[in-house]
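Along the sequence shown, residues are numbered consecutively beginning with 1.
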Amino acid sequence: MIADDPLVLVVARRHRLTPLLSIRCRRLLPAALDEACRRDHLLTAARHLALSSAAEECVTAMTDAGVDVALLKGLAYERTLYPQPGARPTSDIDLLVRDRDRRRAFEVLDRLGFEPRAAAPGFDAPDYHEVAWRRGPVEVDLHMALAPLARCAIDYEDVWRDMRPLELGAARAFALAPTHAAVFHALHMAIDHFDVPALYLLDLARLLPTSADAAAAHATARAWRCHRPLKTSVALAAAFQPRWAATQPLEPPSWPAARVTARFGALPAVPRPEQLLRKFAHFDRLTDALLYTAVQARRNLHELVERRVRRRSARERLKLPRPSR
């Protein structure tokens, strides 16, 4: 593949790398690719300004309401991992609050004009670990936990105790400690079946710059029962970043890691059977997988019943005939 092949831009955008290409390779790329990457960088920087303003508004309002808030993923990474503005694209605002503050955080977002964009009924039930809220073009993913509660055993007392202060305009925000951020990042990759942009591999390398950082992350992941996601994430990142891999205490790749690495980077989405295989290969314990499956089955049944009730109520309000069989 040569640099002026149009597919290069398609792949670079799929993997969210065009802003970094513009920063690192400005004027070294073919003219059309250089200009496209430059525009993407400018658009990313502009969007981040808008998202940062909205995040500052949310964090300020929640802090005033007595709710501590941590910034996660994209906007946090831009402030802690990427010194150049607009280097790392992100599409939304990820905020973490304590589960006990769920209702107060909901009330704050509602007061600010955000509306919940629930994927299904019952989104505010205690076992939902995140809820998406939207106001115009701005989406806030409000997390009460870093992963589904049945998925692993994250120590949230440690998470909140080790938080780092994060500058967000005039707002008082927090960011995960680097070790916790790395484990969360790997867990997020596993939840997405490792069908993630290559940018995530760069993120992980910056979260774990030394062997000591990696050792701390592996120890934490073992304690939180999510070590398999970290092992595969590190193996995947190392396969495409040999200089970084040389700094890491790598183990021989497991069969799930080898499978993920061999199929990484394709443009089509990972098929559903492969998603399920990857999901269940990355639980540390069989009991966690069974509990997670039971919780998801109960939730899916609840959502099915709720949807049928809502459809029946709508038909009754509109005096529609029952569908024929």
Would a distance-only check, ignoring hydrogens and angles, find a side-chain to backbone donor-acceptor pair under 3.5 Å from Asp34 to Arg27?
-> yes
Phe194 versus Thr261: any side-chain heavy-atom pair under 4.5 Å?
-> no
Are Met163 and Leu166 co-members of a hydrophobic cluster defined by side-chain heavy atoms under 4.5 Å apart?
-> no
What distance do Cys37 atom SG and Leu21 atom CG have between them, rounded to the nearest 0.5 Å?
-> 5.0 Å
Salt bridge (charged side-chain N to carboxylate O under 4.0 Å, His left out) contacts in which one or both residues fall within residues 176-188, not counting sequence neighbours = none
Any side-chain hydrogen bond (donor to acceptor under 3.5 Å, both in side chains) involving residues 136-148? Give me the pairs, sequence neighbours left out, ordered by first then second residue.
-> Asp94-His143, Arg117-Glu139, Arg134-Glu139
Hey, could you give me each pair passing salt bridge (charged side-chain N to carboxylate O under 4.0 Å, His left out) that has a residue in residues 12-21? Not counting sequence neighbours.
-> Arg13-Asp40, Arg14-Asp195
Taking all heavy atoms of Pro83 and all of Arg206, pick out the closest pair and write down the distance.
-> CD-NH1, 4.2 Å
Minimum side-chain heavy-atom gap Leu149-Met144 below 4.5 Å | no
Got Pro89 and Leu199 here, is their nearest side-chain heavy-atom distance under 4.5 Å?
-> yes
Cluster question for you: counting only ILVMFWY and a side-chain heavy-atom cut-off of under 4.5 Å, with indirect links fine, are Leu96 and Val140 together?
-> no
Using 4.0 Å as the upper bound for N to carboxylate O, is an ion pair formed by Glu107 and Arg103?
-> no
Checking Ser53 side chain against Ala50 main chain: does a donor-acceptor pair fall under 3.5 Å?
-> no
Where does the angle between the aromatic ring planes of Phe264 and His15 fall among parallel (under 30°), tilted (30 to 60°) and perpendicular (over 60°)?
-> tilted
For Arg278 and His193, indicate whether the former's side chain and the latter's backbone hold a donor-acceptor pair under 3.5 Å.
-> yes
Are Arg151 and Phe283 in a cation-pi setup, meaning NZ or CZ lies under 6.0 angstrom from the ring centre and within 45 degrees of the ring axis?
-> yes
Does Glu78 reach the main-chain N or O of Gly86 with its side chain, forming a donor-acceptor pair under 3.5 Å?
-> yes
Just wondering, do Arg104 and Val97 contact through their side chains at under 4.5 Å, heavy atoms?
-> no
Leu75 with Leu112, same ILVMFWY side-chain cluster at under 4.5 Å = yes
Report whether Ile191 and Tyr200 are members of the same hydrophobic cluster (ILVMFWY, side-chain heavy atoms less than 4.5 Å apart, transitive linking).
-> no
Could you tell me whether the side chain of Thr18 reaches within less than 4.5 Å of the side chain of Arg39, counting heavy atoms only?
-> no
According to a 4.5 Å side-chain heavy-atom criterion applied to Ile, Leu, Val, Met, Phe, Trp and Tyr, with indirect links allowed, do Phe106 and Val69 form part of one hydrophobic cluster?
-> yes
Look only at the side chain of His48 and the backbone of Ala87, and say whether a donor-acceptor pair between them is shorter than 3.5 Å.
-> no
Is the closest side-chain heavy-atom distance between Leu277 and Arg259 below 4.5 Å?
-> yes
Taking C-beta and beyond as the side chain, do His185 and Leu208 meet within less than 4.5 Å on heavy atoms?
-> no
Taking C-beta and beyond as the side chain, do Leu146 and Leu72 meet within less than 4.5 Å on heavy atoms?
-> yes
So, Gln275 and Arg272: side-chain donor and acceptor under 3.5 Å apart, yes or no?
-> yes
